Structures are given as C-alpha cells and as structure tokens.
Protein chains: 2
Amino acid sequence: MANTTGYDIADALGLLLRRSTRARLYAHLTEGLGKAVDELTYPVLSGLARTGPLSAAELGREVGLDRTTVTRRADRLESAGLVQRRQDPVDGRATLLTLTRQGHETIAATRQRLAAAIEDGLASWSEADAQTFARWLRRFVDEGPFAPQRD
Amino acid sequence: MANTTGYDIADALGLLLRRSTRARLYAHLTEGLGKAVDELTYPVLSGLARTGPLSAAELGREVGLDRTTVTRRADRLESAGLVQRRQDPVDGRATLLTLTRQGHETIAATRQRLAAAIEDGLASWSEADAQTFARWLRRFVDEGPFAPQRD
DNA sequence: GGCAGAAGCGTGCGGTGCGCACGCTAATCT
DNA sequence: AGATTAGCGTGCGCACCGCACGCTTCTGCC
C-alpha cells in the first residue's frame, strides 16, 4: 500500500476516535434511557448482550477491563435492574452476570436509537452510498489492524 | 436510509470505538517515543500541530477538554520539551502553547508510525481497495453525524 | 478421604485524571 | 481613571481504575 493511503486512514480514524466523538455518541445513546446506562456501563451491558451470561472475569477479558472494574459497573446496572447476578449452577464460586428482561429491552432500545442517530446524520447520503460505506466499514473492522486480537 | 443500514454502521462503529481499540492504537503510537506522549497528551500535541500556536482555552475548545485539563497535559509536554509556552505578543494575559522543534519531529514520527501500523494491518488489501476505503471514511468523517460540531 | 494449592469473588486503598471555584494579572470599556 | 471582563494557574472534591488482601469453593494429589 502506498504510504499516503495509510496516512489518510489514520487521519480520519484519529478524528473518529477523539474523545469528544465518543462522548457525542454516548450522549445520543443515553438520552431518554435511565441514567444507569452511560459511557462506562454501556460496554458491560453491550458485551453481555453479545456473549450471554458470563462471569465478571471473563466479561472483563471480553471488553478489556479489569475484573474489579467490571464488578463495580455491574453493581450499578444491577441496582438499576438491568443486570442480575446468578449463581453458576456448575461452579459454586462463580457468579454469572445476566441481562434481565429490562436489560434486554434497554440494549435493544439503545441500539435502535443509535442507528437512528446515524441515519439522521447521513440524511444527505443515498441509500446505496450508505450501504456501501457500511460494507467497507464492516470489512475494515473484520480484516483491519484491530481485528485479530479478541478483546 | 433503510433502518438496517444505520444499524450496521452503528455496530461497526461501536467496535471501532471500544476502549481497547483506542488503547491498542495508542500503544502503536507511543511505542518507541518518549513516555511523554500517551493517550492523554497526544490529542493536545496533535491538536496543536493542526492549528498552530493557541491558548489553552482555545485548544481546549478545539479538542473538547476543559481549559485546566489542557493546561496540565501541556505541563507534561512542556517538561518533556515538546511544547513551549510563549507570551502572546499582542495580549499580555494570554499564553500561547507552541510546538518545539522536537515536538514537531515527535508528532511527525508518531503519524508515520500510525500510518505504518495501518498499512501492515491492511496488507491483504489491494492498494485500490485501501484508497477507496480511505475516501469513504474521510467522507463519513466530513459529512457524517459527527462532523458539524467543531470540537 | 483429606489437605494443599488454585480459582473465583467482593472490598479497602492508593494513585490519577477531571472540572469547578478561587485569586491574581492584564486588557477593555465607559 | 475606575470598573468590568478575559485569561491563566492552582487548590479541592469527586470519580474511576487496578492492585492487594481475605474469604469461599473447587481441584488435584497422596
């Protein structure tokens, strides 16, 4: 690949990864839902939805957080009624973090809200363009420099 | 736009914005350079390179941080010799944050390193594909939901 | 079968980053 | 010239993070 191309991608990615971009995204995401879901708790909730019931340690490995950090974020989600702790039936030590019905509803609503925000933002794009971009982005996420390591 | 497209984009974006992705990116970025440039100080350094000499308050507006936070991050960059504080010649109150020669060299090396990491990660892509993706990504950053607000 | 080590969990603790509030200096306005 | 505004640095309280500790439960070995 020519050097300038990697440069262009890095530049655009840099903007996308700016903290403020994240913050704006999460503002869309939280608004209207309970305060329990924020920038910190969302990855836990989302990861749990993706993987199914998991221990704090495993979920931590999944989302790249320390075990204890997951525990504390899960505490909040639990007191908000979105997550429930269950005894692991086969291992008496382990506690499985599980989404409640409300947790499932919340994460679904969140994703829908997020999708809607992106659609609004891309209102000037044609449907075909948006689909093309979505495919490229997916391919980059799957095959790009950040893909291999499961985190 | 069809609902499912916004959904796909949101999904891929979510992965891209994961904290661990950022961390991995910044690991590439810092490695080999002094410890002064990290996930926290990089946006300040980078913003300064993009805009030229700026006061802490203006730079804060530029990168979406509180004035005082910029000041403290700049402190570190200053003691590492990458940033220099200069009296604003036309406003005695203002202090302009300026990149030193070493600061310029560091940011250039950082960007090159980043571009190289992305090229490595996309080794399996053709040059044409990479360029096409770069163009789409740039267009999304410029025209997409996160574009309008200068941060 | 019992005991030692490993694995899992929650919590206390120190370190660190953030933004607000305060006080100071310099510019601007009347 | 006096008053108000703008800019800056720093003290302070708050929140988050990961490590270390102690507890319980499982596992492997004699």
Side-chain angles (χ1 to χ4, degrees), chain A residues 17-24 26-27 30 35-45 47-48 51 53-80 83-98 151, chain B residues 18-24 26-27 30 35-45 47-48 51-80 83-98 151:
Chain A
L17 293 181
R18 297 262 285 280
R19 184 191 192 82
S20 49
T21 304
R22 278 167 55 87
R24 213 173 310 137
Y26 281 107
T30 310
K35 291 207 163 192
V37 180
D38 60 7
E39 181 172 345
L40 298 179
T41 50
Y42 176 73
V44 173
L45 198 67
L48 214 49
T51 63
L54 229 54
S55 74
E58 288 172 309
L59 185 54
R61 237 166 282 135
E62 175 72 18
V63 298
L65 290 173
D66 187 82
R67 178 180 66 82
T68 62
T69 300
V70 172
T71 294
R72 275 157 186 148
R73 296 188 183 182
D75 286 346
R76 281 183 250 174
L77 291 169
E78 186 178 21
S79 59
V83 160
Q84 192 173 5
R85 284 185 160 85
R86 294 189 157 283
Q87 199 68 302
D88 186 327
V90 303
D91 188 338
R93 301 167 294 182
T95 306
L96 293 180
L97 299 173
T98 316
D151 62 322
Chain B
R18 298 262 285 280
R19 183 189 195 84
S20 49
T21 304
R22 277 167 56 88
R24 212 173 310 137
Y26 281 107
T30 310
K35 292 205 160 191
V37 180
D38 60 7
E39 181 172 344
L40 297 180
T41 50
Y42 176 73
V44 173
L45 198 65
L48 214 47
T51 62
L54 230 54
S55 74
E58 289 171 310
L59 185 53
R61 237 166 282 135
E62 175 72 18
V63 299
L65 289 172
D66 187 82
R67 177 179 67 83
T68 62
T69 301
V70 172
T71 293
R72 275 156 185 147
R73 295 188 185 184
D75 286 346
R76 282 184 248 175
L77 290 170
E78 186 178 21
S79 58
V83 159
Q84 193 173 6
R85 283 183 160 85
R86 295 189 157 282
Q87 199 67 299
D88 187 328
V90 303
D91 188 338
R93 301 169 294 182
T95 305
L96 293 180
L97 299 173
T98 315
D151 63 322

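The structure displayed is predicted, hence computed values, not measured ones. Protein chains get the first letters and strands the later ones, always in sequence-line order, with residue 1 at the start of each.
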task: May I have the distance from B/Leu40 (atom CG) to C/dG19 (atom P), rounded to whole angstrom?
output: 11 Å
- prompt: Taking 4.0 angstrom as the limit, do B/Arg72 and B/Asp66 come out as a salt bridge?
  reply: no
Partners passing side chain to side chain donor-acceptor pair (under 3.5 Å) against B/Asp88 (at least two apart in sequence or in another chain): none
Restricting to nitrogen or oxygen on both sides, can you table the protein-nucleotides 8-13 of chain C pairs closer than 3.5 Å?
unit_1: C/dC9; atom_1: OP1; unit_2: A/Thr95; atom_2: O; d: 3.4
unit_1: C/dG10; atom_1: OP1; unit_2: A/Arg85; atom_2: NE; d: 2.9
unit_1: C/dG10; atom_1: OP2; unit_2: A/Thr71; atom_2: OG1; d: 3.0
unit_1: C/dG10; atom_1: N7; unit_2: A/Arg67; atom_2: NH1; d: 3.1
unit_1: C/dG10; atom_1: O6; unit_2: A/Arg67; atom_2: NH2; d: 2.9
unit_1: C/dG12; atom_1: N7; unit_2: A/Arg72; atom_2: NH2; d: 3.4
unit_1: C/dG12; atom_1: O6; unit_2: A/Arg72; atom_2: NH2; d: 2.8

task: Using heavy atoms to find the nearest nucleotide of DNA chain D for A/Thr69 and A/Gly92 separately, return the residue whose nucleotide is more 5′.
output: A/Thr69
- prompt: Atom CG of A/Leu65 and atom C1' of D/dG18: how far apart are they, to the nearest Å?
  reply: 11 Å
query: What's the closest nucleotide to the B/Asp66 side chain, out of C/dG17, D/dC16, C/dG19?
result: C/dG19
- line: Between CD of B/Glu78 and P of D/dC8 the distance, given in whole Å, is 14 Å
Side chain to side chain donor-acceptor pair (under 3.5 Å) partners of A/Gln84, counting only residues at least two apart: none
statement: Hits for side chain to side chain donor-acceptor pair (under 3.5 Å) against B/Thr41, two or more places apart or cross-chain, chain-then-number order -> B/Asp38
- request: Could I get the full list of side chain to side chain donor-acceptor pair (under 3.5 Å) partners for A/Glu58, not counting sequence neighbours?
  value: A/Ser55
- prompt: Under the side-chain contact (heavy atoms from CB on, under 4.5 Å) test, which residues partner A/Val70, sequence neighbours left out?
  reply: A/Ala56, A/Leu59, A/Leu65, A/Leu97
